[in-house]
Every structure is written in C-alpha cells, then in structure tokens.
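When reading the values below, keep in mind they use all heavy atoms of this one structure, side chains included, and skip hydrogens, waters and symmetry mates. Just follow the structure's listing: the first ligand is 1, and inside any ligand the first atom is 1. Here the structure is a predicted model, which is why all the values come from computation and not from measurement.
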Amino acid sequence: MGYRGLGLLYSMQNNFPIVVLLSGRGSNFRALTQRLSDAHICAVISDRTEAPGLEFAREQGIKTFAFARQDFPTKIAQKEAIYSAVDSFKSKLIVLAGFMQIIEAPFVERNLGRILNIHPSLLPRHPGLHTHERALEAKDEEHGCTVHFVDAGVDTGPVVAQAATKIAPGESAEALAGRVLALEHDIYPWAVSHIARGEISISGREVSYSVRCRAEADGHGFRIGREACPQAAGSNGA
Ligand code: GRF
C-alpha cells in the first residue's frame, strides 16, 4: 500500500472514534477489535486496574486508562475521573462492554444517543444481573442478547438489535451463557459498525435503519425495530 492508501486508511479509521468501557474479561471488546469496520477504538477505560480486557488492549497497542476505587476518596470522584477521561477523547460513540457500573444521569444526558450497551437477555425481559439463570427459572423458550442505547434507567434504553436462541431442554446456565456470549460477539461489532456507517441512527428514542441494514439484519437472523421488542409500543423497546 502506498502513502496515499495509508493516508486514506488512517482517515477512515479515525472517522468514527469510539471509546470502550469495561470492567472484566473483555471478550466483547476482543470481538470488537477483530470485527469492527468503519470505526476505530481510540481508548479503553476501566474502573478496575486488573481487568483482563486492559491487558489485551495494551497488547493491541490501544491506549488504556484505569481508575481504581481505592485511588479516589469517594465513588463519585472515581466516576467523575472516568467521565472526564471519556470526554477527553471526544469520541463519536461510548461503547460499554461489560462495564459493571451504573452511569450517572448527568453523564447519560449529555451523551444521549451516544452510549451503547450490550445486555445478555432479550430486553425488556431480565434486566439486571444473572440473566441466564433467570431465563431458565422462568422457563423461557428463548433467550439471547440485546444491543441498546443507554438512557438514565437500568437496561431501559432504546433497543438497536437482538440475537435470540432457543433454550435447549435441560440446558445448564453455563452452556446457555456460552451460546449467548457467542451471539454477543457477532451482534455487537455488527451494530457498532452500522452505527459508524450511519446505517443505524437514533433520534429521540426512535432507532432507524437503512434498507441495506434491514436486509443484513435479516440475513444474520438479528431482530431490529419492532421485531426486536414486540412488547413495546415503538421500535425503541424496553
Ligand atoms: C457480557 O455478558 C455482556 O452482555 C454484559 O457483560 C458481559 C461482559 O462480558 N454487559 P465480556 O467482559 O465482554 O466478556
């Protein structure tokens, strides 16, 4: 590739900078590094210095920042440091990938439509923790994951896309979790890439999709729009 090609590649990569927030193993972050297109991860920020996802980011040459609770007098001081670091990148999208913290309303409000999360259930079913166990206890026929924009509630933001799977008879929570995680690794990079390309957009709580994006979602078996959240009145779900 000549200089011109490299320049073009550089400008495309930087066209849609995203910041990833994580607290743990970072398998979704890993999937993003491998499968994203038209977006560029400019930093990974964590509330835990020992998060394995940070180690992988460093190996990839991605900037990392960790703000551990013990280094701050209060929890809110820790969160403010995280928010300042995120703000400093002026990214187009803030991608939560297993970030185990509630995001305070003022930060959400000033970034409305710019924070994305992946949740391991078919929202609005099973917001919160232990989703796989709860899906089994509830004898759900299907389970899966949801990509959604973040609002001030917990797992209540406008739904972007869902991937579902039938629960097998007698399936363990561990087996189900593994299958759902594999779906997460497909759908999250897909959703972020489509947002980066402008093929998925949000206005208020209304999520819109290009015709091409709708066809692709169909091809992947992803649910989008009203199909993703039949219980909700609009396309925006939870
Ligand atoms: C995933 O199950 C995701 O849905 C949830 O947190 C978990 C993060 O896993 N929000 P990983 O750190 O990406 O492996």
Q: Give the table of side-chain donor-acceptor pairs shorter than 3.5 Å for residues 62-70, with sequence neighbours excluded, one pair per line with atom names and distance.
A:
{"unit_1": "Thr64", "atom_1": "OG1", "unit_2": "Arg58", "atom_2": "NE", "d": "3.4"}
{"unit_1": "Arg69", "atom_1": "NH1", "unit_2": "Phe72", "atom_2": "O", "d": "2.7"}

Q: For residues Asp151 and Thr156, is any side-chain donor paired with an opposing acceptor at under 3.5 Å?
A: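 Note: Asp151 and Thr156 side chains meet the donor-acceptor criterion.
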Q: Would you mind listing each N/O atom of ligand 1 next to any protein N/O under 3.5 Å, plus the distance?
A:
{"unit_1": "ligand 1", "atom_1": "2 (O)", "unit_2": "Glu184", "atom_2": "OE1", "d": "3.4"}
{"unit_1": "ligand 1", "atom_1": "2 (O)", "unit_2": "Glu184", "atom_2": "OE2", "d": "3.2"}
{"unit_1": "ligand 1", "atom_1": "4 (O)", "unit_2": "Ile118", "atom_2": "O", "d": "3.4"}
{"unit_1": "ligand 1", "atom_1": "4 (O)", "unit_2": "Glu184", "atom_2": "OE1", "d": "2.8"}
{"unit_1": "ligand 1", "atom_1": "4 (O)", "unit_2": "Glu184", "atom_2": "OE2", "d": "3.2"}
{"unit_1": "ligand 1", "atom_1": "9 (O)", "unit_2": "Arg25", "atom_2": "NH2", "d": "3.4"}
{"unit_1": "ligand 1", "atom_1": "10 (N)", "unit_2": "Ile118", "atom_2": "O", "d": "2.8"}
{"unit_1": "ligand 1", "atom_1": "12 (O)", "unit_2": "Gly26", "atom_2": "N", "d": "2.9"}
{"unit_1": "ligand 1", "atom_1": "13 (O)", "unit_2": "Ser27", "atom_2": "N", "d": "3.3"}
{"unit_1": "ligand 1", "atom_1": "13 (O)", "unit_2": "Asn28", "atom_2": "N", "d": "2.8"}
{"unit_1": "ligand 1", "atom_1": "13 (O)", "unit_2": "Asn28", "atom_2": "ND2", "d": "3.0"}
{"unit_1": "ligand 1", "atom_1": "14 (O)", "unit_2": "Arg25", "atom_2": "NE", "d": "2.4"}
{"unit_1": "ligand 1", "atom_1": "14 (O)", "unit_2": "Ser27", "atom_2": "N", "d": "2.9"}
{"unit_1": "ligand 1", "atom_1": "14 (O)", "unit_2": "Ser27", "atom_2": "OG", "d": "2.5"}

Q: Side chains of Asp140 and His126 only: does a donor on one sit below 3.5 Å from an acceptor on the other?
A: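 His126 and Asp140 do have a side-chain donor-acceptor pair below 3.5 Å.
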Q: Would you check if there is a donor-acceptor pair between the side chains of Gln162 and Thr146 at a distance under 3.5 Å?
A: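 Yes, a side-chain donor-acceptor pair sits under 3.5 Å.
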Q: Do Arg179 and Thr165 have side-chain atoms, one donor and one acceptor, less than 3.5 Å apart?
A: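 Thr165 and Arg179 do have a side-chain donor-acceptor pair below 3.5 Å.
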Q: Within 45° of the ring axis of Tyr209 and under 6.0 Å from its six-membered ring centre, is that where the NZ or CZ of Arg214 lies?
A: no
